[in-house]
Colleague: 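Questions regarding the structure given below will be posed in turn.
As a basis for the values below, the full set of heavy atoms in this structure was taken, side chains included, without hydrogen atoms, waters or symmetry mates. Note that the coordinates shown come from a computational prediction; the quantities given were computed from them, not determined experimentally. Just so we're on the same page: letters track the sequence lines, and every chain starts at 1.
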Amino acid sequence: MAGQTLYDKLWNAHEVTKRDDGSSLIYIDRHLLHEVTSPQAFEGLELANRAPWRLSANIASPDHNVPTVTTERSQGVSGIKDEVSRLQVVTLDDNCAKFNIAEFTINDARQGILHVVGPEQGLVLPGMTVVCGDSHTATHGALGCLAHGIGTSEVEHVLATQCLIQKKMKNMQIRVNGKLGAGVTAKDVVLAIIARIGTAGGTGYAIEFAGQVFEEMSMEGRMTVCNMAIEAGARVGMVAVDDITIDYVKGRRYAPTPEQWDAAEAYWSTLYSDADAVFDTVIELDGNEIAPQVSWGTSPEMVVDITESVPTPDQAADDTQKEGWMRAYTYMGLEAGQKITDIQLDRIFIGSCTNSRIEDLRDAAAVIKGRKVAESVKEAIVVAGSGQVKLQAEKEGLDQVFTEAGFEWREPGCSMCLAMNADKLLPQEHCASTSNRNFEGRQGNGGRTHLVSPAMAAAAAIAGHFVDVRTF
Amino acid sequence: MQAYNIQTGIVCPLDRSNVDTDQIIPKQFLKSIKRTGFGVNLFDEWRYLDEGFPGQDASKRPINPDFVLNQPRYQDATILLTRKNFGCGSSREHAPWALSEYGFRTVIAPSFADIFYNNCFKNGMLPIVLDEAIVDTLMKAVVAEEGYTLTADLEAQVVITPTGERYPFEIDAFRKHCLLNGLDDIGLTLQQSDAIKAYEETMQQKTPWIFNPVHA
Ligand code: SF4
């Protein structure tokens with residue numbers, strides 16, 4: 001019998017029962033809740049007179065709607081100007097109080113984007129099944145977890161039963177061999193992968209990222225890559241557990257107790273794909289060849305190297321792609337063939353669950369140090385992913401580096417990643433953003449998003465247009 | 001989910017075809033964080049003379065006396081009788097939420113839109129399909145007689161009139177089972193409670209740290 005993949009192992013370890021229709025009941029170890037997708041689930045629970053199955057599985061924090069400007073934020077929930085946003089945050093607080101669910105509230109030092117907070121607090125541990133009413137839950141696969149997003153009705157299902165009805169996906173392995181060049185980061189790796197396989201390339205698969213590049217990558221970097229698995233169409237992205245994973249978990253607030261630790265470590269050390277495991281699809285990239293990436297269009301697969309130009313219609317693989325490109329040129333206000341380095345930027349956003357961890361801020365600060373944001377840039381903001389990241393960065397003096405350069409240093413939250421709070425692009429504004437989606441209107445109606453790494457966003461802020469951070 | 005077995009109630013005749021979900025509950029009410037609170041805005045554009053928006057005090061709004069729901073004789077109605085293709089339009093689950101909160105757990109029509117039909121079962125409601133001719137007969141009977149009631153018996157799959165006529169209806173066996181027993185997806189999974197508990201016991205031994213308490 002062939003060996004098992006990491007996904008097979010995680011799946012088997014959580015299968016409660018097989019159902020007649022070919023699906024399985026899968027046990028959920030950790031459930032993350034935020035204010036946007038949980039209210040109707042809590043209400044459903046209440047209407048049906050049900051209690052959460054296992055309270056200790058759940059942890060909540062408001063992230064999507066919270067204001068990031070310090071003056072607003074310091075007033076707590078009542079400082080949220082938008083009524084609908086405020087109501088959602090208040091409702092989360094109320095529901096957590098009512099059902100006795102642990103919550104890091106708006107001004108708790110541990111509050112933040114759930115996909116940053118979970119691993120950082122040790123609430124997400126290797127080998128867990130992790131779900132959240134948010135598609136970027138794939139992030140947690142970086143720790144060797146089976147993690148994916150769910151809808152509101154499933155949020156209710158997990159609250160009530162601690163399980164989900166699931167069908168098993170296919171296995172895909174993406175190997176990135178070799179070594180990354182200086183100035184090339186995890187974000188560039190994942191953008192290069194999406195450029196290669198397309199936004200539907202991973203549909204129906206659980207992706208495992210493997211190869212030397214991932215073996216040498218930090219946990220922060222692995223989270224950045226797994227975070228964007230969904231942009232490649234896969235609900236699940238994972239990296240095998242190794243010493244880097246275990247070192248990362250050690251000492252975190254909710255990590256196993258000292259008495260539990262050895263058994264945990266022993267179990268976690270089994271969480272990798274067996275040498276003879278069979279994948280349905282294997283894709284290989286050469287890490288040495290990956291350059292800093294910039295998205296030019298309105299889909300995360302519309303990505304090129306910084307040294308390249310906006311592609312011309314004749315380069316399209318087929319008519320559908322060509323049509324998509326034509327719409328994107330118009331929406332983005334770009335000419336086919338225009339050099340990427342000629343794209344002028346109005347705003348810079350360093351943040352989101354993709355790139356708002358301490359390593360991301362360090363990368364950006366290293367580029368910025370002693371320089372000034374270009375006059376032509378209207379606004380440059382840094383939004384730490386969590387209160388902990390913010391504190392750590394302040395300890396290291398990174399906030400000084402940013403503010404001296406002309407960046408605004410904001411309070412943690414999703415912020416301009418999806419513009420549910422007041423942080424938005426105006427129509428036609430170009431933004432160098434470290435987030436994960438460049439869909440039309442994602443960062444504000446008519447806004448034009450370019451996805452890049454923190455270092456590339458930082459360099460673009462200084463130059464006022466995209467530049468190759470390797471020669472900057 | 002609330003089980004559905006047998007319901008006897010006053011019938012409200014909504015003599016229109018193709019009532020869409022936007023008419024059942026207009027889109028401005030979808031911004032809510034709740035799945036309750038839609039009852040007062042059921043058929044909002046027909047029920048009230050002013051324009052509805054979320055958060056209004058409905059008791060202060062001018063009501064449309066001509067709309068059937070507002071007629072005193074139908075105040076206590078619990079069964080909605082209507083014409084073909086009821087519930088067409090968007091997939092919003094707010095439509096059954098609004099109907100059921102208002103008090104209609106039974107809707108009788110010659111046909112329903114697919115998604116609406118499905119959504120009814122998820123919310124403990126019974127949509128009953130009867131022949132166009134039967135619906136027509138019932139529509140006339142309801143209008144002719146104040147306080148006209150019908151009985152919907154799910155177990156027996158039959159609608160019974162006050163004079164004892166019985167109109168059988170079809171329903172998928174699995175849906176019937178779920179509705180009779182108040183089982184939604186969650187209810188079905190909870191039937192596996194023992195398996196879930198057994199799994200948890202095993203894992204408590206194998207990976208006890210998963211079950212550590214979490215306090216904020
Ligand atoms: S940062 Fe963006 S992608 Fe991540 S959870 Fe928040 S809104 Fe979603």
Colleague: Assess whether atom CG of B/N181 is packed by more than 12 heavy atoms of other residues, nucleotides or ligands within 6.0 Å.
Modeller: yes
Colleague: With a cut-off of 6.0 Å (strictly less than), are more than 12 heavy atoms of other residues, nucleotides or ligands near CD of B/Q75?
Modeller: yes
Colleague: Less than 4.5 Å to any heavy atom of chain B: does that hold for the side chain of A/L47, its backbone, both, or neither?
Modeller: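 Answer is side chain: those atoms of A/L47 sit under 4.5 Å from chain B.
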Colleague: Can you tell me if B/E45 has over 12 outside heavy atoms packed within less than 6.0 Å of its CD?
Modeller: no
Colleague: Between A/Y254 and B/V214, is any pair of side-chain heavy atoms under 4.5 Å apart?
Modeller: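 Yes - at least one pair of side-chain heavy atoms lies under 4.5 Å apart.
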Colleague: At a heavy-atom separation under 4.5 Å, does A/T257 approach chain B through its side chain, its backbone, both, or neither?
Modeller: both
Colleague: Does atom CG of B/D114 have more than 12 heavy-atom neighbours from other groups under 6.0 Å away?
Modeller: no
Colleague: Crowded around B/Q191 CD? As in, over 12 foreign heavy atoms under 6.0 Å?
Modeller: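 Result for CD/B/Q191: enclosed.
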Colleague: Report the C-alpha separation of B/Q192 and A/V16 in whole Å, then their side-chain angles, then the decisive distance to 0.1 Å, and conclude whether the side-chain contact (heavy atoms from CB on, under 4.5 Å) test is met.
Modeller: CA-CA 9 Å; B/Q192 309 278 336; A/V16 175; 5.9 Å; no
Colleague: Below 4.0 angstrom, N of the basic side chain to O of the carboxylate: do B/D184 and A/R50 qualify?
Modeller: yes
Colleague: Counting only heavy atoms closer than 4.5 Å, note whether B/E200 contacts chain A via side chain, backbone, both or neither.
Modeller: side chain
Colleague: Below 4.5 Å, heavy-atom pairs only: which of A/I59, A/L87, A/L55, A/L125 has the largest tally toward chain B?
Modeller: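 The residue among A/I59, A/L87, A/L55, A/L125 with the greatest pair count is A/L87.
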Colleague: Let me know if B/S193 has heavy atoms under 4.5 Å from chain A in its side chain, its backbone, both or neither.
Modeller: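 The answer is both parts of B/S193.
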Colleague: So which part of A/Q260 gets closer than 4.5 Å to some heavy atom of chain B, the side chain, the backbone, both or neither?
Modeller: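 Backbone plus side chain of A/Q260, per the 4.5 Å heavy-atom cut-off to chain B.
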Colleague: Tell me, side chain or backbone of A/A57 under 4.5 Å from chain B's heavy atoms, or both, or neither?
Modeller: neither
Colleague: Check A/Q40 against B/H94 and note the closest heavy-atom contact, atom names and distance.
Modeller: NE2-NE2, 4.4 Å
Colleague: Measuring heavy-atom distances to chain B, does A/T161 have an atom under 4.5 Å in its side chain, in its backbone, in both, or in neither?
Modeller: both
Colleague: Would one find more than 12 heavy atoms of other residues, nucleotides or ligands at under 6.0 Å from atom CD of B/E51?
Modeller: no
Colleague: With a 4.0 Å cut-off on N to O distance, would you call A/E156 and B/R35 a salt bridge?
Modeller: yes
Colleague: Against chain B, label A/W261 side chain, backbone, both or neither, depending on which of its atoms sit under 4.5 Å from a heavy atom there.
Modeller: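 Neither part.
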Colleague: Which label fits A/W268 and B/W209: parallel for a plane angle under 30°, tilted from 30 to 60°, or perpendicular past 60°?
Modeller: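 Rings of A/W268 and B/W209: perpendicular, as their planes differ by over 60°.
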Colleague: When you look at A/C163 and B/I196, which way does the side-chain contact (heavy atoms from CB on, under 4.5 Å) test go after all the steps?
Modeller: CA-CA 8 Å; A/C163 290; B/I196 303 172; 3.8 Å; yes
Colleague: Select one option (side chain, backbone, both, neither) describing which atoms of A/N100 are under 4.5 Å from chain B's heavy atoms.
Modeller: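 It is neither, since no heavy atom gets under 4.5 Å.
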Colleague: Shortest non-hydrogen contact from A/M128 to B/I210?
Modeller: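 What the structure gives for the nearest pair is CG-CD1, 3.6 Å.
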Colleague: Any chance you could measure A/S56, atom OG, to B/H215, atom NE2, to the nearest 0.5 Å?
Modeller: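 So the gap between those two atoms works out to 9.0 Å.
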Colleague: To the nearest 0.5 Å, how far apart are CG in B/L190 and CD in A/Q162?
Modeller: 11.5 Å
Colleague: Start with the C-alpha gap between A/T17 and B/Y199, add the side-chain angles, then the distance that decides, and say whether side-chain contact (heavy atoms from CB on, under 4.5 Å) holds.
Modeller: CA-CA 9 Å; A/T17 55; B/Y199 173 87; over 6 Å; no
Colleague: Quick check on B/Q157: does its CD atom have over 12 non-hydrogen neighbours (other residues, nucleotides or ligands) under 6.0 Å away?
Modeller: yes
Colleague: For the NZ atom on B/K84, are there more than 12 heavy atoms of other groups (residues, nucleotides or ligands in this structure) within a distance under 6.0 Å?
Modeller: no
Colleague: Against chain B, label A/I101 side chain, backbone, both or neither, depending on which of its atoms sit under 4.5 Å from a heavy atom there.
Modeller: neither
Colleague: With a 4.5 angstrom heavy-atom cut-off, could you sort out which part of B/T207 is near chain A: side chain, backbone, both or neither?
Modeller: side chain
Colleague: For the atom pair CH2 (A/W53) and OG1 (B/T189), what is the distance rounded to the nearest 0.5 Å?
Modeller: 10.0 Å
Colleague: Examine distances only and state if a side-chain atom of A/Q88 and a backbone atom of B/I33 form a donor-acceptor pair shorter than 3.5 Å.
Modeller: no
